[in-house]
Amino acid sequence: MTSYDYDFFVIGAGSGGTRAARIAAGHGARVAVAEDRYLGGTCVNVGCVPKKLLVYAAHYAEDFGDAEGFGWTVGERSHDWSKLIANKNTEIERLNGIYKRLIEGSGAHIHWGRATLIDDHTVEVDGQRFTADKILVAVGGWPSVPEFPGSEHIVTSNEAFYLEEMPKRVVIVGGGYIAVEFAGIFHNLGAEVCQLYRGELFLRGFDEDVRRFLAEEMIKKGIDLRFDAQVSAITRKDGADGKPYFIVDLADLESIEADLVMYATGRAPKTDGLGLEAAGVKTDDKGAIPVDEAWRTNVPNIYAIGDVTDRIQLTPVAIAEGHALADALFNPSSRRVSYENVPSAVFSQPSIGTVGLTEAEARERFGAVDIYRSSFRPMKHTMSGRDEHGLMKLVVDRESQKVVGLHMVGPEAGEIVQGFAVAIKMGATKADFDATVGIHPTAAEEFVTMREPIPDPEEEAQAAE
Ligand code: NDP
């Protein structure tokens, strides 16, 4: 008989930790969860969920305008930021309550406070020590920002969700998911937005056509998108209205005035002060916890999942890991997590949906590929008059004819790509796509009606020689 207080102690009640705790408790394990901030972690509180709510809010700005082409007269419009944030907060509190009920309903105990590892079987929370047979570190990540003169004036997404006022002029630094999403949110809600990215094209890691296409669409909407832009300093000034504003100096000596400077420059594992050293758990140079294919750290009874492992920072990945780990530990099964073909969406305006390989990755892996690409004006905008276009792209391995990458920019890209992700996961070929009847009239049907690949740039170059 074990003398431990718990069979399984989960540190962090985010998406991954909560799922692991609930499933383990469901298998009969004695489970505890420690949380020092909020139930549901980043996704529920300062990530996916509030972001999507703000994206909905932002989209109305375009919808009102689009309605006129369909005969509507839309009266005077105004937006109440405080109401949006208050309603968003109410929804988040509702979700926090659901998480609490889910965790406690599963039989797991919640211990409030920052957990520290004392040794490999002991966790301290709020002055109380608990022993556990197995420990799971699921503490997630935290915005990571550079330090430079004036960096104390910047905010991150954590604060952006709780601003008291809607800023009139916003500078957003970064070229990843969060930066492009917030650029769209603030722009549509009426701010002047300048997005600065240090490289030559943002959204590194996404398909290059998608990156270029989104950049063009964002610029058309009026976002001041600047590449190869580096901030050197930020200075705070007091405005005539008594409110502070900021001067953002760029390395090329230009400067921009802003009421809010937001950095979205990545997220780092939140492992500081966790006592990992005391338990003997190794971290890498970024503070992330390396794990093997069974989410084991270097200490046999301590596991880690989700953003703290710095593999794929996506909620559904953490949930899948938590579930599979709890099954493996307490109800051995063959549930696995596949890191291949993980679909994702960027809720930019317009949005991106993607699954599988980029064209460049596919060329590197397979050599010859066929590229099918189509850009079009969504049907709605033929009458709304909006100058917004969509992009769809299939990347096909020429030899096997498997569709190895599927990318989209356009309305509801996430909703559309989620379905196609199943086909990609199953190894669908271009012929399978061709044999699928389209749903007319939709944007999604474009994926099953693309007939001719675009000319191969390498073959064209060879032919020209
Ligand atoms: P990302 O890692 O996606 O992007 C970080 C961006 O900041 C990159 O463009 C990077 O440039 C740039 N950057 C990094 N360091 C600096 C620096 N010192 N100065 C200037 N620029 C810098 O991080 P995010 O913060 O956008 O998001 C964190 C994670 O959260 C994402 O990786 C994603 O997995 C997840 N997420 C997912 C969402 C979704 O699924 N829709 C939504 C939001 C977040 P470079 O490319 O040159 O390195």
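Order of appearance sets the numbers: ligands from 1, and atoms from 1 within every ligand. Excluded from the calculations below are hydrogen atoms, water molecules and symmetry mates; all remaining heavy atoms, backbone and side chain alike, are included. For the single chain, residues carry numbers from 1 onward in sequence order.
At the shortest separation from atom 17 (C) of ligand 1 among protein heavy atoms lies R198 NH1, 3.4 Å. In terms of protein heavy-atom proximity, atom 31 (C) of ligand 1 is closest to Y177 CD1, 3.7 Å. Scanning all protein heavy atoms for the shortest distance to atom 23 (O) of ligand 1 gives G266 CA, 3.3 Å. Of all protein heavy atoms, the one closest to atom 26 (O) of ligand 1 is I178 N, 2.9 Å. The protein non-hydrogen atom at the shortest distance from atom 22 (C) of ligand 1 is T265 CG2, 3.4 Å. Residue, atom and distance of the protein heavy atom nearest to atom 42 (C) of ligand 1 are E181 OE1, 3.3 Å. What sits closest to atom 4 (O) of ligand 1 on the protein, heavy atoms only, is G176 CA, 3.4 Å. Here the heavy atom of the protein found nearest to atom 32 (O) of ligand 1 is Q313 OE1, 3.8 Å.
F433 and F447 have their aromatic ring centers separated by at least 6.0 angstrom. Checked against a 6.0 Å centroid threshold, the rings of F9 and Y303 do not count as neighbours. Two rings, from F347 and F182, have their centers 6.0 Å or more apart.
Below 4.0 Å from some heavy atom of P146 lie the following atoms of ligand 1, by number and element: 18 (N). When each atom of ligand 1 is checked for a heavy atom of G175 under 4.0 Å away, the hits are 6 (C), 7 (O), 8 (C), 9 (O).
The cationic group of K430 lies under 6.0 Å from the six-membered ring centre of Y372 and within 45° of the ring axis, placing it in a cation-pi geometry.
Atoms CD1 and CG, from I247 and L250 in turn, are 11.5 Å apart once rounded to the nearest 0.5 Å. To the nearest 0.5 Å, atoms OH (Y162) and CD1 (I85) are separated by 8.5 Å.
The shortest separation from a heavy atom of Y197 to ligand 1 is under 4.0 Å, placing the residue in contact. For the pair K51 and ligand 1, a heavy-atom separation below 4.0 Å is found. Remark: distances from the non-hydrogen atoms of A345 to ligand 1 include one below 4.0 Å. At least one heavy atom of A264 sits less than 4.0 Å from an atom of ligand 1.
Of all the heavy atoms of L314, the ones lying under 4.0 Å from any atom of ligand 1 belong exclusively to the side chain.
A salt bridge links K51 to E181: at least one charged side-chain nitrogen sits closer than 4.0 Å to a carboxylate oxygen. Using a cutoff of 4.0 Å between basic side-chain nitrogens and carboxylate oxygens, E216 and R211 are not scored as salt-bridged.
Within the structure, salt bridge (charged side-chain N to carboxylate O under 4.0 Å, His left out) pairs that include any residue of residues 317-328 comprise R311-E321, D327-R335 (at least two apart or interchain).
At a 3.5 angstrom cut-off on N or O pairs, Y263 does not count as close to ligand 1.
Under the salt bridge (Lys or Arg N to Asp or Glu O under 4.0 Å) criterion, D387 pairs with K220, not counting sequence neighbours.
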